[in-house]
Protein chains: 2
Amino acid sequence: MDTRERLIESTRELLWERGYVGTSPKAIQQRSGAGQGSMYHHFHGKPDLALAAITRNAEEMRERARAALDGPGTVAGRVAAYLRRERDALKGCPVGRLTQDPDVMADPELRGPIEETFAWLTGTLTALLARGRADGELRPDLDPGATAAALVAVVQGGYVLARATGSPDAYAQAVEGALALIRFQEKENH
Amino acid sequence: MDTRERLIESTRELLWERGYVGTSPKAIQQRSGAGQGSMYHHFHGKPDLALAAITRNAEEMRERARAALDGPGTVAGRVAAYLRRERDALKGCPVGRLTQDPDVMADPELRGPIEETFAWLTGTLTALLARGRADGELRPDLDPGATAAALVAVVQGGYVLARATGSPDAYAQAVEGALALIRFQEKENH
DNA sequence: GTCTATATATGGATAGAC
DNA sequence: GTCTATCCATATATAGAC
């Protein structure tokens with residue numbers, strides 16, 4: 001991995017662990033093994049480097065979600081696969097956590113990938129649920145948009161609970177609670 | 001309001017807006033109108049002052065939740081009242097946002113009130129749902145603990161969605177999606 | 001491309017006068 | 001209780017040598 005790449009990867013990790021305000025250029029240099037001059041040669045500064053890191057975190061999150069949601073099985077099964085996907089719940093969501101970062105949200109460039117990612121995710125889930133409803137797998141009165149928003153929120157909130165309690169179990173419990181509720185939206189004899 | 005009180009209130013706001021790492025002593029002094037010496041006279045330092053502010057944020061959050069959950073009506077109605085309670089969704093949760101703050105979570109003292117608050121909240125909701133089930137209002141196969149976790153997660157995740165999209169509507173949508181699912185847990189002729 | 005030197009502001013606090 | 005002075009480390013760069 002070349003220097004530029006190591007800088008991006010180190011920044012990705014640090015943004016995930018400590019957020020934008022909590023991540024200093026010095027910390028990035030130490031983790032990546034790159035020197036001061038090296039970092040400022042490859043990037044204009046902290047915001048520039050952060051943009052590269054955030055963009056990549058967002059892409060990876062979409063890729064992982066797509067993999068679970070595009071899988072085989074029923075709509076309800078794919079939603080379950082997505083929610084139960086292996087996650088390090090205590091680390092939280094690398095994209096969602098940035099919504100709490102005032103300096104990130106204040107900068108339209110940095111904020112962009114975050115906004116897009118959540119729009120894409122809820123949109124994709126909405127379309128999937130709508131298809132399940134059209135196919136007769138799900139109840140006709142289910143609201144795809146609201147349900148999708150609730151599901152994405154359960155994931156994001158599940159991370160908060162896991163961190164608050166110090167245990168990944170809290171995430172799992174929230175997810176299982178949501179899936180149990182979804183179960184009643186599946187029509188009996190489909 | 002005396003100086004000590006203004007310091008706590010200003011810190012509460014700043015922790016809410018910018019988190020712990022993003023809040024400097026100088027910013028606290030400016031917002032509260034207190035001088036350097038004044039702040040260090042009343043508190044030993046940033047962590048000490050933050051503890052007072054976090055404790056108060058946690059107490060207020062419990063108080064507000066209790067007010068909605070202890071209200072009149074059915075169990076499902078009280079849950080709905082809690083979820084729909086007036087909130088500034090774009091500001092996020094003053095307690096939940098701190099779970100993303102590495103320096104807060106690393107300090108057992110600062111972390112304490114956060115852990116307690118979420119334990120209390122999910123516990124209270126669990127008990128309420130269990131009562132609804134025992135009373136025959138809710139389906140007998142509903143899992144109170146998992147459902148409570150899912151509901152708390154929807155609230156916390158709803159804040160994330162609101163901030164990510166820049167609109168409080170995202171919060172409202174997630175909440176309504178969850179409430180629609182809960183509706184199917186109510187028994188027909190109770 | 002990488003390194004070292006240098007620079008200004010801020011973070012977070014202590015000391016002592018009033 | 002509050003104010004001013006002072007302190008050392010870190011944040012966030014820029015400049016220029018190699």
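First the proteins, then the strands, lettered A, B, ... as listed; each starts at 1.
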Could you please spell out the steps behind the side chain to side chain donor-acceptor pair (under 3.5 Å) verdict for B:Arg18 and B:Thr23?
CA-CA 6 Å; B:Arg18 306 195 40 86; B:Thr23 296; 5.3 Å; no
Any base atoms under 4.0 Å from B:Gly35, or only sugar-phosphate, or nothing? Heavy atoms, all strands.
sugar-phosphate
To the nearest 0.5 angstrom, please state how far the CZ atom of B:Phe184 sits from the CG atom of A:Leu181.
11.0 Å
side-chain hydrogen bond (donor to acceptor under 3.5 Å, both in side chains), paired with A:Tyr159, selected from A:Lys91, A:Arg97, A:Arg87
A:Arg87
Under a single-linkage rule joining Ile, Leu, Val, Met, Phe, Trp and Tyr whose side-chain heavy atoms are separated by less than 4.5 Å, which residues share a cluster with B:Val21?
A:Val21
Take atom CD of A:Gln30 and atom P of D:dT10, then tell me their distance rounded to the nearest Å.
10 Å
Which nucleotide span of DNA chain C, 5' end to 3' end, has atoms closer than 4.0 Å to non-hydrogen atoms of chain B?
C:dG11 to C:dT14
Within 45° of the ring axis of B:Tyr40 and under 6.0 Å from its six-membered ring centre, is that where the NZ or CZ of B:Lys46 lies?
no
Take the protein atom OH of B:Tyr40 and the nucleotide atom P of D:dA5, then report the distance between them rounded to whole Å.
18 Å
For residues 143-151 of chain A, tabulate all N or O donor-acceptor pairs below 3.5 Å that involve a side-chain atom, not counting sequence neighbours.
residue	atom	partner	partner atom	Å
A:Asp143	OD1	A:Gly145	N	3.1
A:Asp143	OD1	A:Ala146	N	3.1
A:Thr147	OG1	A:Asp143	O	2.6

Tell me: CE of A:Met39 to P of D:dT14, nearest whole Å?
10 Å
Gap between atoms NZ and P, on B:Lys26 and D:dT6 respectively (whole Å)
17 Å
